[in-house]
Structure formats: C-alpha cells, structure tokens
Amino acid sequence: MGEVTVQQRLPLSDGKSIPILGLGTCSMEKPVKGETIKAVKAAIEIGYRHLDGAFLYGNEDEVGEAIRAKIADGTVKREDVFYTSKLWMTYLSPALVRKGLETTLKNLKLDYVDLYVVHWPMGLKPSEKDLFPEDANGKILLDDVDICATWAIMESCKDAGLVRSIGVSNFNHNQLEMILKMPNLKYKPVCNQVECHPYLNQNKMLKYCNSKNIVVVCYSPLGTSKDPKWFDPENPIVLNDLELKKIGEKHNKSPAQIALRYQVQRGVVVIPKSFNLGRMKQNREIFDFQLTDEEMKAVDGINRNFRYITMKQFTDHPKYPFHDEY
Ligand code: WDT
C-alpha cells in the first residue's frame with residue numbers, strides 16, 4: 001500500500017493525468033463552517049491528491065484555503081494537488097463561462113484549476129445571484145444554450161492558462177458526440193463525469209468513452225446520501241447489497257471498498273465524498289487487493305440501471321441528458 005498506489009493516475013487525452021481516487025467535497029446537505037477546511041486538510045495529510053468540487057457546493061473558499069495551507073506547511077506543492085471545479089448551469093452562455101471560472105478562482109484564491117467541467121449540459125437563465133433562478137410564479141427559468149458554443153469558451157480558458165484540462169459532466173453520448181464533431185474543435189473533453197456505481201454500471205458509456213479516449217469519472221460511487229431532496233426511501237441501497245458483502249468477506253473488505261475497487265480496476269476514476277476521517281481512510285484502502293475476473297463479473301451482474309440523481313425537475317429541458325439510453 002502507500003503513496004505510490006493511492007496516488008495512481010490515469011492519462012488524459014491532452015497529455016496530463018488524473019489521480020484515480022479523489023475526494024468529493026459537496027456538503028450542501030448540512031454545511032458547517034470550517035468543516036470543509038478540516039476535511040480537505042486531513043485528506044491531503046492521509047495521501048489524497050485529488051479533490052472534486054464545484055461552484056454549486058458553496059465551499060470553494062474553504063477548499064482553496066485548505067489546499068493553500070497544505071502548500072504553505074510544505075506537505076504538498078501546488079502541482080501535486082489535482083483540483084476539479086465545475087461551471088454551473090446559470091453560466092453556460094458563452095458570455096458568462098469565463099466569469100464563472102474567474103469567480104471560482106477568486107473563491108479558491110488559486111490561479112488555476114487542474115480540471116474544469118461543464119456541470120450539466122442544461123442551461124438555466126443567466127444569474128449571478130441564484131443557482132436556480134425562478135420567475136414570479138416560482139417556475140424555474142430554463143435556457144437552451146448551444147453546448148458547442150459553451151465548449152469553445154472552455155477551450156479559450158485552457159489557452160488562457162486558467163485551467164489545465166477541460167471536460168464535461170452528465171452529458172449523454174449524443175451530447176459528447178456533438179462536441180467531438182465540432183468543425184473547429186481544438187480540445188476534446190478529457191472526461192465525462194457521470195453517476196456510476198454497481199446499480200448503474202454505465203457499461204455502454206464506459207465503452208463509448210474508452211473508444212474516444214475520454215476518461216470516465218464516477219460520482220456517487222457508493223450510491224447517494226439520504227437527503228430527502230434527492231433520495232426516495234424506496235431507493236435501493238448499494239452498500240447493503242448482499243453480493244458486495246459476500247465478495248467483501250472473502251477479501252476482508254467492506255462493501256464500500258468492493259464498490260470502489262470495482263471502478264478503479266476497470267479504469268474508472270472514483271470520487272467518494274466523506275468528511276469522516278475513518279471513512280476517508282477506508283475509501284483509500286483499495287489498492288492492496290484485486291478482484292478476480294469472476295468477482296468483477298459478479299459485480300457487473302448486480303447492475304439494475306438505477307439512477308439516484310435524475311434531476312426530475314428538468315425532464316422538459318431541451319438538453320435533459322437522461323431521455324437517451326446512455
Ligand atoms: C439540488 C441542487 C438538486 C449534488 C443541485 C440537485 C447534486 C450536483 C452534487 C452535484 C442538484 C447536484 N454533489 O456533488 O453532491 O444535481 O446539480 O454535483 S445537482
């Protein structure tokens with residue numbers, strides 16, 4: 001075990017690379033001031049070199065403070081830490097992309113991010129004040145932005161040195177295909193960050209992305225939180241799965257560790273969120289064992305194409321990504 005394996009990286013199509021394990025930093029459920037600083041510092045201390053954040057999460061100031069503190073105390077250099085941020089839906093129009101990124105950089109007090117992704121292919125009416133702008137009747141204001149036009153500005157942000165790599169999130173394969181077919185495409189998306197876990201294994205998306213040299217980054221690799229905002233009590237619970245339990249017992253590992261190992265072993269980046277030191281450590285103990293081919297197949301076999309993050313409120317959006325099969 002140790003640093004060499006925890007800090008294992010996958011190559012990106014633009015010549016850079018990404019650590020295969022990252023720490024999710026979304027704590028919107030119950031934001032506690034100072035909690036993000038503490039968690040991110042602890043994560044860096046125990047070997048995490050990849051943090052996944054977003055403007056949406058409202059804590060990039062704390063993430064930035066923690067990274068800067070661990071640089072100042074000599075634990076890491078800036079180039080050792082990989083930070084991902086995401087362009088929020090109200091900033092998709094070409095005139096606002098750069099502003100979205102600059103706001104993130106200002107909150108972080110960093111001069112670049114390693115990876116910047118388009119959080120969703122769906123635009124919302126431009127707003128610097130609301131994440132979900134509404135009209136007077138409380139109806140959410142959608143905006144049908146041309147994602148290729150957004151992408152062209154993402155490219156210029158890379159050329160300006162504000163980001164090292166650019167990617168997308170929650171795009172279906174037709175939306176990815178639209179970007180790849182842009183007549184003046186300068187940089188391909190290096191990744192597509194999508195929900196992925198044993199109950200939604202994304203085999204088709206993974207195969208498509210592999211064929212295009214696009215890395216799949218999987219969010220909610222353990223399933224998702226119980227926040228009633230997006231969790232229905234009827235939902236299945238990945239971590240209670242008997243197959244994962246059974247495989248775990250053979251290796252003296254938890255179902256969570258099996259679910260994470262499954263992803264890294266098939267070349268997928270995982271970014272489990274935890275601000276609990278014990279679980280942050282557990283989520284990192286996945287490089288000292290291997291699943292057999294049969295065990296990998298058995299995990300594949302429990303797929304049920306079950307999505308937790310459906311964004312049901314946006315099914316009428318012209319760019320809603322989940323009407324298509326993948
Ligand atoms: C309310 C607000 C519902 C969670 C936002 C759904 C949720 C994006 C994370 C995220 C959303 C969303 N996260 O990292 O935990 O679907 O945009 O990145 S959301």
Side-chain angles (χ1 to χ4, degrees), residues 21-32 35-36 39-40 43 48 50-60 62-63 83-92 100-101 104 107 113 115-125 127 129-134 138-143 145 147 150 167-172 175 191-197 200 202 216-232 235 238-239 256 260 263 269-276 279-280 283 306-317 319-323:
L21 170 69
L23 182 80
T25 65
C26 179
S27 75
M28 283 156 36
E29 271 174 65
K30 44 167 187 65
V32 177
E35 182 198 42
T36 303
V40 171
Y48 282 82
H50 170 183
L51 294 318
D52 182 273
F55 175 75
L56 169 72
Y57 310 155
N59 60 355
E60 288 194 301
E62 294 197 16
V63 174
Y83 179 66
T84 302
S85 185
K86 310 188 189 81
L87 178 73
W88 185 240
M89 297 163 81
T90 47
Y91 289 86
L92 290 205
L101 174 56
T104 274
N107 290 341
V113 297
L115 173 60
Y116 199 49
V117 305
V118 180
H119 207 146
W120 288 91
M122 304 179 282
L124 293 179
K125 188 182 131 13
S127 169
K129 147 171 96 47
D130 300 308
L131 293 168
F132 296 94
E134 297 175 348
K139 196 171 171 290
I140 187 129
L141 293 161
L142 311 182
D143 191 12
V145 180
I147 51 185
T150 308
V168 299
S169 180
N170 298 302
F171 277 42
N172 65 40
Q175 292 168 329
C191 71
N192 187 19
Q193 182 181 129
V194 295
E195 178 180 338
C196 185
H197 43 70
L200 179 72
Q202 297 276 14
V216 172
V217 176
C218 91
Y219 74 68
S220 302
L222 306 176
T224 193
S225 78
K226 294 184 177 58
D227 187 317
K229 263 211 299 282
W230 55 74
F231 193 90
D232 182 325
N235 288 352
V238 171
L239 296 183
L260 297 174
Q263 302 294 0
V269 175
V270 285
I271 48 171
K273 184 263 177 180
S274 175
F275 282 6
N276 169 292
R279 288 189 288 269
M280 280 194 255
N283 291 345
F306 183 84
R307 197 181 285 286
Y308 293 99
I309 309 293
T310 56
M311 291 290 255
K312 281 200 289 286
Q313 61 272 50
F314 295 115
T315 50
D316 293 333
H317 195 292
K319 299 289 196 311
Y320 183 76
F322 307 140
H323 294 311

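Residue indices begin at 1 and follow the sequence shown. In listed order, ligands and their atoms are each counted from 1.
- Not a single N or O atom of K86, backbone or side chain, sits closer than 3.5 Å to an N or O atom of ligand 1.
- Residue R307 places its CZ atom among more than 12 non-hydrogen atoms of other residues, nucleotides or ligands, all under 6.0 Å distant.
- Only the side chain of L56 comes within 4.0 Å of ligand 1, judged by heavy-atom distances.
- Applying the side chain to side chain contact (heavy atoms under 4.5 Å, CB included) rule to E60 yields the partners F55, Y83, S85, T104, N107, L108; only residues at least two apart in sequence or on another chain are considered.
- Close contacts between ligand 1 and I309 involve ligand atoms 16 (O) [criterion: under 4.0 Å to a heavy atom].
- Ligand 1 has no N or O atom lying under 3.5 Å from any N or O atom of W88, backbone or side chain.
- Using a cut-off of 4.0 Å between Lys/Arg side-chain N and Asp/Glu carboxylate O, K273 and D52 are scored as not salt-bridged.
- Atoms of ligand 1 found under 4.0 Å from any heavy atom of C26 (numbered from 1 in listed order, with element): 13 (N), 14 (O), 15 (O).
- Between F132 and F314, the ring planes are parallel. Angles under 30° get that label, and only those over 60° would be called perpendicular.
- The minimum heavy-atom distance between L222 and A256, with the atom names listed, is CD2-O, 3.6 Å.
- On a distance-only criterion, W120 and ligand 1 share at least one N/O pair closer than 3.5 Å.
- Ligand 1 places these atoms under 4.0 Å from at least one heavy atom of F132: 2 (C), 5 (C).
- Taking every heavy atom of H119 and a limit of under 4.0 angstrom, the matching atoms of ligand 1 come to 8 (C), 10 (C), 18 (O).
- The ring-ring contact (aromatic ring centres under 6.0 Å, His included) check on F322 picks up W120, Y320, with sequence neighbours excluded.
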